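In what follows, a single structure is set out as structure tokens and then discussed.
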Amino acid sequence: MEFPNGVTVGGEKVAVMAGPCAIENREQIFETAARVKAAGASFLRGGAFKRAVRRMRSRDWAFRACN
């Protein structure tokens with residue numbers, strides 16, 4: 001599959017996607033985008049915006065995405 005940025009996924013080259021688990025603010029995502037591009041990744045990804053507030057989980061084994 002070829003994307004608008006010219007990168008083909010599913011070909012002979014590995015397509016790298018990188019980014020934060022959660023986007024906290026505008027500055028963070030732009031800084032991350034610059035670093036992802038400089039590192040050679042083809043795609044920027046980011047989790048849904050969420051405030052920097054941690055909620056306690058009821059069980060220790062509960063899923064904790066990147067935090």
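This chain uses plain numbering: 1 for the first residue, then up along the sequence. For clarity, every value in this text was computed on a predicted model and none was experimentally measured. Hydrogens, waters and symmetry mates are skipped; everything else that's a heavy atom, side chains included, is used.
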For Ala15 versus Val7, what's the shortest heavy-atom pair and its separation?
CB-CG1, 4.1 Å
Determine all donor-acceptor pairs shorter than 3.5 Å in which one atom belongs to a side chain in residues 33-48; sequence neighbours excluded.
{"residue": "Arg35", "atom": "NE", "partner": "Glu31", "partner atom": "OE2", "Å": "2.6"}
{"residue": "Arg35", "atom": "NH2", "partner": "Glu31", "partner atom": "OE2", "Å": "3.1"}
{"residue": "Arg45", "atom": "NH1", "partner": "Pro20", "partner atom": "O", "Å": "2.3"}

Does Phe30 share a hydrophobic cluster with Ile23, counting links as ILVMFWY side-chain heavy atoms below 4.5 Å and allowing steps through other members?
yes
To the closest 0.5 Å, what do you measure between OG1 (Thr32) and CD (Glu24)?
10.5 Å
Is there a chain of hydrophobic side chains (I, L, V, M, F, W, Y, each step under 4.5 Å between heavy atoms) that links Val16 to Val9?
no
Check: Met1 and Thr8 side chains under 4.5 Å, non-hydrogen atoms:
no
